[in-house]
Amino acid sequence: MYDRRARYLSEDEVKSKLESGIPYVIRLKVPLNEEIKFNDIIRGTVKIDTNHIDDQILLKSDGFPTYHLANVIDDHLMEITHIIRGEEWITSVPKHILIYRAFGWEVPKMAHVPLILNPDKTKLSKRQGDVATEDYLKKGYLPEALVNYMALLGWNPGEGEKREIFSLDELIKLFTLERVNSSGAVFNIEKLNWMNSEYIKKTDNEKLAEMISPYLIKARFDVSDKNKLFRVTYVIKNYIEKLDEAPEYARIFYEEVKIKDEHLEIINNSSSRTVLSELSILLNETYEITETNFKLLLTEICDKTGIRGKSLFMPVRLALTGEEHGPELGTIAYVLGKEEVIRRIKKLNIQ
RNA sequence: GGCGCAUUGGUGUAAUUGGUUAACACGCCGCCCUCUCAAGGCGGAAAGUACGGGUUCGAUCCCCGUAUGCGCUGCCA
């Protein structure tokens with residue numbers, strides 16, 4: 001700690017040092033043995049002994065002010081009423097109060113908010129993941145979800161309010177500094193993901209389609225067919241938690257089907273061949289595929305052939321997507337459309 | 001080292017001025033739905049409130065100590 005030597009220099013000493021041209025700084029003369037008390041809106045009364053505070057440098061040797069001086073003057077000139085900032089600033093409050101006092105200015109109200117923590121409870125850092133909001137926006141977190149999630153980190157609306165999804169307007173209405181708590185909060189990406197998926201589900205298809213198309217384009221999918229894009233959006237909105245997951249789930253609608261080796265056997269057995277050829281026949285008699293009538297076609301095949309359950313659905317699923325898992329078959333067929341469904345089945349028989 | 005701030009399930013939080021079976025959400029597990037995967041519905045496990053002392057008829061809540069974590073301790077902000 002600085003020994004406060006400058007304050008004990010005599011006037012003559014100061015004068016001669018000044019004349020000799022030695023570089024100097026201007027410091028704050030902190031009173032000795034005084035307890036500075038202040039009220040923090042979030043934490044209540046905080047006391048700090050001035051003996052633990054250095055004689056702060058206010059003007060550097062190059063003549064420029066340090067943060068502490070500039071900050072106080074700036075806030076006063078801008079008529080700041082409330083200073084709301086991170087907890088790491090709390091120990092510099094007495095320095096600021098002393099400066100306000102020296103100027104004879106009123107001290108604004110103070111509120112020091114808790115820190116956001118890594119899973120291991122250390123201060124949030126780049127080493128353990130993204131910290132910039134841009135990083136999250138890029139991944140396809142919606143701004144509303146981000147705001148909503150962050151608001152709930154260290155704050156809550158109180159008893160009687162069970163909701164957790166709040167619009168900006170609602171947050172503005174409900175938020176008070178008094179209900180912010182004072183301990184650091186671990187940033188839980190799982191809950192953010194959940195909340196983001198809630199917001200995605202709430203977004204209407206047209207808007208959501210617009211939001212995901214950059215991600216699909218980046219994956220080199222041809223999204224020029226707007227109708228198809230809307231249908232794809234309608235399907236995947238229940239699957240994605242973040243917008244950047246869209247290509248992964250939209251893939252089956254945009255990429256050529258590739259039958260994996262482990263599925264060759266299933267797709268080539270006689271029952272599967274029966275199902276697929278029956279389906280082709282029925283499709284030719286169908287004007288247009290809808291979610292429900294495609295299911296009806298499958299029921300019809302079941303009635304006619306006695307093939308049911310997995311042996312009925314799986315060959316169709318594999319033929320249309322090349323995957324064992326995915327949305328409901330009727331939905332998939334509806335999104336692809338009649339022509340494409342027929343094409344995909346046909347392509348298979350040729351192999 | 002000194003000073004400051006904090007401490008409720010794995011995580012985020014709740015619990016009128018001390019009196020609840022300590023509540024909700026995420027996550028996890030199970031069941032239902034179902035061709036599958038999600039979504040959705042239902043249910044379950046999970047903290048006795050960091051630890052130790054007080055004060056009190058009674059402490060998550062008040063006081064003290066310890067531990068732990070974080071912050072500050074710059075001619076950085």
Side-chain angles (χ1 to χ4, degrees), chain A residues 1-2 23-27 36 38 40 42-44 46-54 56-71 85-95 112-125 149-165 179-198 200-201 235-241 245 249 252 275 295 298-299 302 307-318 321 323-332:
Chain A
M1 196 173 169
Y2 173 63
Y24 64 94
V25 297
I26 306 288
R27 288 178 182 270
I36 306 268
F38 66 95
D40 187 284
I42 294 171
R43 288 148 208 279
V46 179
K47 305 174 224 175
I48 291 173
D49 191 322
T50 53
N51 292 333
H52 299 120
I53 303 171
D54 261 331
Q56 293 299 308
I57 292 174
L58 300 180
L59 289 173
K60 302 188 264 189
S61 55
D62 62 7
F64 277 88
T66 57
Y67 166 79
H68 296 298
L69 211 218
N71 168 262
R85 69 227 305 192
E87 187 188 331
E88 66 265 36
W89 290 102
I90 204 161
T91 40
S92 52
V93 171
K95 303 168 190 173
H112 289 84
V113 299
L115 261 24
I116 299 168
L117 275 23
N118 292 307
D120 65 1
K121 305 228 179 204
T122 57
K123 188 179 169 187
L124 194 66
S125 67
Y149 177 72
M150 294 307 290
L152 258 25
L153 230 46
W155 172 86
N156 77 88
E159 201 190 13
E161 181 54 85
K162 297 288 187 197
R163 287 180 302 165
E164 290 204 296
I165 305 290
R179 282 205 68 87
V180 174
N181 55 224
S182 44
S183 54
V186 172
F187 185 89
N188 184 199
I189 193 88
E190 305 253 274
K191 183 149 187 177
L192 205 211
N193 286 344
W194 166 78
M195 193 167 276
N196 202 53
S197 74
E198 289 292 305
I200 286 175
K201 279 175 208 139
V235 177
I236 68 174
K237 76 190 293 184
N238 277 322
Y239 283 84
I240 59 174
E241 288 189 316
E245 291 166 353
Y249 290 97
I252 55 169
V275 170
K295 275 184 170 172
L298 293 176
T299 322
C302 174
I307 299 167
R308 62 176 65 227
K310 211 166 186 168
S311 19
L312 171 63
F313 287 89
M314 202 45 74
V316 180
R317 178 174 292 287
L318 289 173
T321 69
E323 300 287 341
E324 288 180 57
H325 307 302
E328 284 193 26
L329 269 181
T331 309
I332 293 172

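The shown structure was predicted, so the numbers you read here are calculated from the model rather than taken from an experiment. Labels below follow one simple rule: chain letters A, B, ... track the order of the sequence lines, proteins then strands, and each chain is numbered from 1.
Counting to the nearest Å, the P atom of B:rG4 and the CG atom of A:Asn51 are 12 Å from each other. Separating the CH2 atom of A:Trp155 from the C1' atom of B:rA25 is a distance of 14 Å, rounded to the nearest angstrom. Rounded to an integer number of Å, the gap from CD of A:Glu198 to P of B:rG12 is 21 Å. In this structure, the CG atom of A:Leu318 is 13 Å from the C1' atom of B:rC37, given to the nearest Å. Counting to the nearest Å, the C1' atom of B:rA23 and the CZ atom of A:Arg163 are 18 Å from each other. Between the NZ atom of A:Lys295 and the C1' atom of B:rU36 there is a distance of 13 Å, rounded to whole Å. B:rU11 atom C1' lies 14 Å from atom CG of A:Asn181, rounded to whole Å. Spacing between atom CD1 of A:Ile189 and atom C1' of B:rG10 amounts to 16 Å, rounded to whole angstrom units.
Among the protein residues, A:Lys237 comes within range of no part of the nucleic acid, since none of its heavy atoms lies under 4.0 Å from any strand. Within 4.0 Å of A:Ile53, counting heavy atoms only, lies no atom of the nucleic acid at all. A:Gly154 comes within 4.0 angstrom of sugar-phosphate atoms only, judged by non-hydrogen atoms across all strands, and of no base. As judged by a 4.0 angstrom heavy-atom cut-off over every strand, A:Glu323 is placed among residues making no nucleic acid contact. Nucleic acid contact class of A:Val316 (heavy atoms, under 4.0 Å, all strands): none.
For the P atoms, the distance linking B:rG10 with B:rG43 amounts to 24 Å, nearest Å. Annotation: B:rA15 and B:rU49 have their C1' atoms spaced 11 Å apart (nearest Å). The C1' atoms of B:rU21 and B:rU11 are separated by 24 Å, rounded to the nearest whole Å. B:rU68 and B:rU56 have their P atoms separated by 32 Å, with the value rounded to a whole Å. Taking the C1' atom of each, B:rA22 and B:rG30 are spaced 25 Å apart, rounded to whole Å. When the P atom is compared between B:rC63 and B:rC72, the two are found 27 Å apart, to the nearest whole Å. When the P atom is compared between B:rU16 and B:rC62, the two are found 12 Å apart, to the nearest whole Å. For the C1' atom pair drawn from B:rG18 and B:rU60, the interatomic distance equals 10 Å after rounding to whole Å.
A:Tyr249 places no side-chain N or O within 3.5 Å of a backbone atom of A:Lys237 that could act as its donor or acceptor partner. Between the A:Asp54 side chain and the A:Gln56 main chain, no donor and acceptor come within less than 3.5 Å of each other. Panel note: side chain A:Asn193, backbone A:Glu241; no donor-acceptor pair is recorded below 3.5 Å. Between the side chain of A:Arg179 and the main chain of A:Gly154, no donor-acceptor pair closer than 3.5 Å is present. Judged by distance alone, the side chain of A:Glu323 and the main-chain N or O of A:His325 form no donor-acceptor pair under 3.5 Å. Side chain of A:Asp120 to backbone of A:Thr122: a donor-acceptor contact under 3.5 angstrom is found.
With sequence neighbours excluded, the residues satisfying side-chain contact (heavy atoms from CB on, under 4.5 Å) with A:Glu87 are A:Arg43, A:Leu115. When the side-chain contact (heavy atoms from CB on, under 4.5 Å) test is applied to A:Arg308, the partners found at least two apart in sequence or on another chain are A:Cys302. For A:Ile165, the side-chain contact (heavy atoms from CB on, under 4.5 Å) partners are A:Asn148, A:Trp194, A:Met195, A:Glu198, A:Tyr199, A:Lys202, not counting sequence neighbours. Partners of A:Ser311 under the side-chain contact (heavy atoms from CB on, under 4.5 Å) rule, at least two apart in sequence or in another chain, are A:Ser271, A:Ile307. In this structure, A:Lys121 has no salt bridge (Lys or Arg N to Asp or Glu O under 4.0 Å) partners at least two apart in sequence or on a different chain. Legend: residues meeting ring-ring contact (aromatic ring centres under 6.0 Å, His included) with A:Phe313, ordered by chain and number and at least two apart, are absent. Applying the salt bridge (Lys or Arg N to Asp or Glu O under 4.0 Å) rule to A:Glu88 yields no partners; only residues at least two apart in sequence or on another chain are considered.
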Would you list the atom pairs, donor with acceptor, under 3.5 Å between side chains in residues 62-69 of chain A and any protein atom, with sequence neighbours excluded?
residue	atom	partner	partner atom	Å
A:Asp62	OD1	A:Phe64	N	2.9
A:Thr66	OG1	A:Ile57	O	2.7
A:Tyr67	OH	A:Asn71	ND2	3.1
A:His68	ND1	A:His96	NE2	2.8

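The two residues A:Glu324 and A:Leu318 come nearest to each other via the heavy atoms N-CD2, 4.2 Å.
Just one residue in the list A:Ile42, A:Val180, A:Asp40, A:Val46 forms a side-chain contact (heavy atoms from CB on, under 4.5 Å) with A:His112, and that residue is A:Asp40.
Along RNA chain B, the nucleotide nearest A:Tyr149 and the nucleotide nearest A:Pro65 are compared for position; the residue whose nucleotide lies closer to the 5' end is A:Tyr149. The 5' end of RNA chain B is approached more closely, in terms of each residue's nearest nucleotide, by A:Ile48 than by the other of A:Tyr239 and A:Ile48.
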All N/O pairs under 3.5 Å across the protein-nucleotides 26-29 of chain B interface:
residue	atom	partner	partner atom	Å
B:rC26	O2'	A:Lys191	N	3.3

Please write out each protein N/O paired with an N/O of nucleotides 70-76 of chain B under 3.5 Å, distance rounded to 0.1 Å.
residue	atom	partner	partner atom	Å
B:rG71	O2'	A:Glu88	O	3.3
B:rC72	O4'	A:Thr91	OG1	3.3
B:rC72	O2'	A:Thr91	OG1	3.1
B:rG74	OP2	A:Asp54	OD2	3.2
B:rC75	O2	A:Ser61	N	2.9
B:rC75	O2	A:Ser61	OG	3.0
B:rC75	N3	A:Ser61	OG	3.0
B:rC76	OP2	A:Lys60	NZ	2.5

Using a cut-off of under 3.5 Å, enumerate the N/O to N/O pairs linking the protein to nucleotides 61-65 of chain B.
none

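In this model, the phosphate group of B:rA15 is approached by a side-chain N or O of A:Arg179 to a distance below 4.0 Å at OP1 or OP2.
Taking the O4'-C1'-N9-C4 or O4'-C1'-N1-C2 dihedral as appropriate, B:rG53 has a value more than 90° from 0 and is therefore anti.
Between the side chain of A:Arg43 and the base of B:rC5, no donor-acceptor pair under 3.5 Å is found.
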Inset, instruction - Could you summarise the pairing of RNA chain B as dot-bracket text, marking Watson-Crick and G-U pairs under 3.5 Å with ( ) or [ ] inside the strand and | across strands? - result: (((((((..((((.....[...)))).(((((.......))))).....(((((..]....))))))))))))....
